[in-house]
Trainee: 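I'd like to ask you about the structure that follows.
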Amino acid sequence: MLECVPNFSEGRDKNVISHIVEAASKFTPIIDVHSDPDHNRSVLTMIGSPSDLIQAALAASHQAVRLIDISRHTGVHPRLGAMDVVPFIPLEQTPMHAAEAAAVEFAQTFAAQANVPCFLYGLIDLPQVRRQAFKSLSPDFGPDAPHATAGATVAGARGVMVAFNVVLDSNDLQAARRIARTIREQTPHIRALGFALESKGLVQVSMNLVEPMTTGVGTAFDAVATEAVSLGQTLAYSEIVGLVPRHALEGRQPSGLLLKAAPKYL
């Protein structure tokens, strides 16, 4: 049993999003869809067998190539392509090598079918792939240059990760970036960036908790809150993208974490 969490570069056009979700749903149930207009990005969460998830990810990716022009894309989230990232995550007793094999099969097949360059991540982390792609790092599969409208896709295997965002009751982007920088430097196992949410007139500290059973949502929330207070900022709300292990909340109640919506547990 694997989890697959494709991230594609459309968070505004509901028609495009629905076509991509529908394509994937023909092969496996869709557990969650999270779309953000400022990031201009959507995240699907799917759980199933490796073969079903590969087919679902391929179907979604082909729709993304058909419907998204990355050369015209705008959004605050870093991205390389229309179907930007396709992670495979082993669940329960499934070994990591099963997720790694699924990622390789997906990337090799998608590159061959769509002529979209595909990078693998795992040994090289995702931010490093984004920085080095087509510079010091060549695609693992497909052409050596980005697709004209679909860019490139990154696939890989990883452990369970939690995407957690905290929104400040402020439009001070420098404050959000300063908080994110401090958290990256001082709190282990957290990647953090500060973004402006123009549609809301607010700013966000966007985090990936890469070891959520060690450094969980409660710890991340407290770190943001502490730094916000030091800068004279207050918190508006927080959100979890996709599913979260119950233990990653570290015993905290959703209301105490200012979660905008009830968490969906993995």
Trainee: Are the side chains of Arg158 and Ile89 in contact, using a 4.5 Å heavy-atom criterion?
Mentor: yes

Trainee: Hey, are Gln233 and Ser170 close enough side-chain-wise for a donor-acceptor pair under 3.5 Å?
Mentor: yes

Trainee: Does the side chain of Phe8 come within less than 4.5 Å of Gln63's, by heavy atoms?
Mentor: no

Trainee: Tell me, please, which residues at least two apart from Thr45 pass side chain to side chain contact (heavy atoms under 4.5 Å, CB included).
Mentor: Glu3, Val5, Ile31, Asp32, Leu243

Trainee: Checking side-chain contact (heavy atoms from CB on, under 4.5 Å) against Arg178, which of Leu231, Leu173, Asp172, Val205 comes through?
Mentor: Leu231

Trainee: Passes side-chain contact (heavy atoms from CB on, under 4.5 Å), His73 versus Asn40? Steps please.
Mentor: CA-CA 8 Å; His73 184 273; Asn40 202 6; 3.3 Å; yes

Trainee: What is the minimum heavy-atom distance between Ile240 and Pro263, and which atoms define it?
Mentor: CD1-CB, 4.3 Å

Trainee: Indicate whether the side chain of Ser199 and that of Asp38 have a donor and an acceptor atom separated by less than 3.5 Å.
Mentor: yes

Trainee: Verify the neighbour count for atom CZ of Arg191: are there more than 12 heavy atoms of other residues, nucleotides or ligands below 6.0 Å?
Mentor: yes

Trainee: Which heavy atom of Ala248 sits nearest a heavy atom of Val162, and at what distance?
Mentor: CB-CG2, 4.4 Å

Trainee: Go through Leu235 and Asp169 one step at a time and tell me if the side-chain contact (heavy atoms from CB on, under 4.5 Å) criterion holds.
Mentor: CA-CA 5 Å; Leu235 308 185; Asp169 192 12; over 6 Å; no

Trainee: Within the 4.5 Å heavy-atom criterion, are Ser238 and Val167 side-chain neighbours or not?
Mentor: no

Trainee: For Leu209 and Met161, work out which heavy atoms get closest and say how close.
Mentor: O-CG, 3.3 Å

Trainee: Do Val224 and Ile183 make a side-chain contact, defined as non-hydrogen atoms from C-beta onward lying under 4.5 Å apart?
Mentor: yes

Trainee: Would you say the side chains of Thr74 and Arg12 form a donor-acceptor pair under 3.5 Å?
Mentor: yes

Trainee: I'd like to check Leu259 versus Tyr237 (side-chain heavy atoms, cut-off strictly below 4.5 Å). Are they in contact?
Mentor: no

Trainee: Evaluate side-chain hydrogen bond (donor to acceptor under 3.5 Å, both in side chains) for Arg252 paired with Thr219, printing each intermediate quantity in order.
Mentor: CA-CA 10 Å; Arg252 305 282 286 275; Thr219 299; over 6 Å; no

Trainee: Say you draw a straight line from CG of Leu257 to CD of Glu239; how long is it, rounded to the nearest 0.5 Å?
Mentor: 13.0 Å

Trainee: Specify the closest pair of heavy atoms between Ala82 and Ile70, including all atoms of both residues, with the distance to one decimal.
Mentor: N-CD1, 4.0 Å

Trainee: For atom CD of Gln132, decide whether the heavy atoms of other residues, nucleotides or ligands shown that lie under 6.0 angstrom number more than 12.
Mentor: yes

Trainee: Mind listing the closest non-hydrogen atom pair of Leu266 and Pro245 along with its distance?
Mentor: CB-N, 4.0 Å

Trainee: Using side-chain heavy atoms (C-beta onward) and a distance below 4.5 Å, is Thr234 in contact with Leu168?
Mentor: no

Trainee: Determine the interplanar angle of the His39 and Phe195 rings, folded into 0 to 90°, and report it as parallel if under 30°, tilted if 30 to 60°, perpendicular if over 60°.
Mentor: perpendicular

Trainee: Dump the intermediate steps for side-chain contact (heavy atoms from CB on, under 4.5 Å) on His34 and Arg41, then the final yes or no.
Mentor: CA-CA 8 Å; His34 180 95; Arg41 187 177 187 86; over 6 Å; no

Trainee: What's the shortest heavy-atom distance between Ala56 and Ala24, and which atoms?
Mentor: CB-O, 3.5 Å

Trainee: Would Phe110 and Val65 count as a side-chain contact (heavy atoms from CB on, under 4.5 Å) if you check the C-alpha gap in whole Å, the side-chain angles of each, and the deciding distance to 0.1 Å?
Mentor: CA-CA 11 Å; Phe110 181 51; Val65 171; 3.6 Å; yes

Trainee: I'd like to check Glu105 versus Thr109 (side-chain heavy atoms, cut-off strictly below 4.5 Å). Are they in contact?
Mentor: yes

Trainee: Do Asp84 and Val154 have side chains that approach each other closer than 4.5 Å (heavy atoms only, starting at C-beta)?
Mentor: no

Trainee: Parallel, tilted or perpendicular, judged at 30° and 60°: which one describes the rings of Phe134 and Phe119?
Mentor: perpendicular

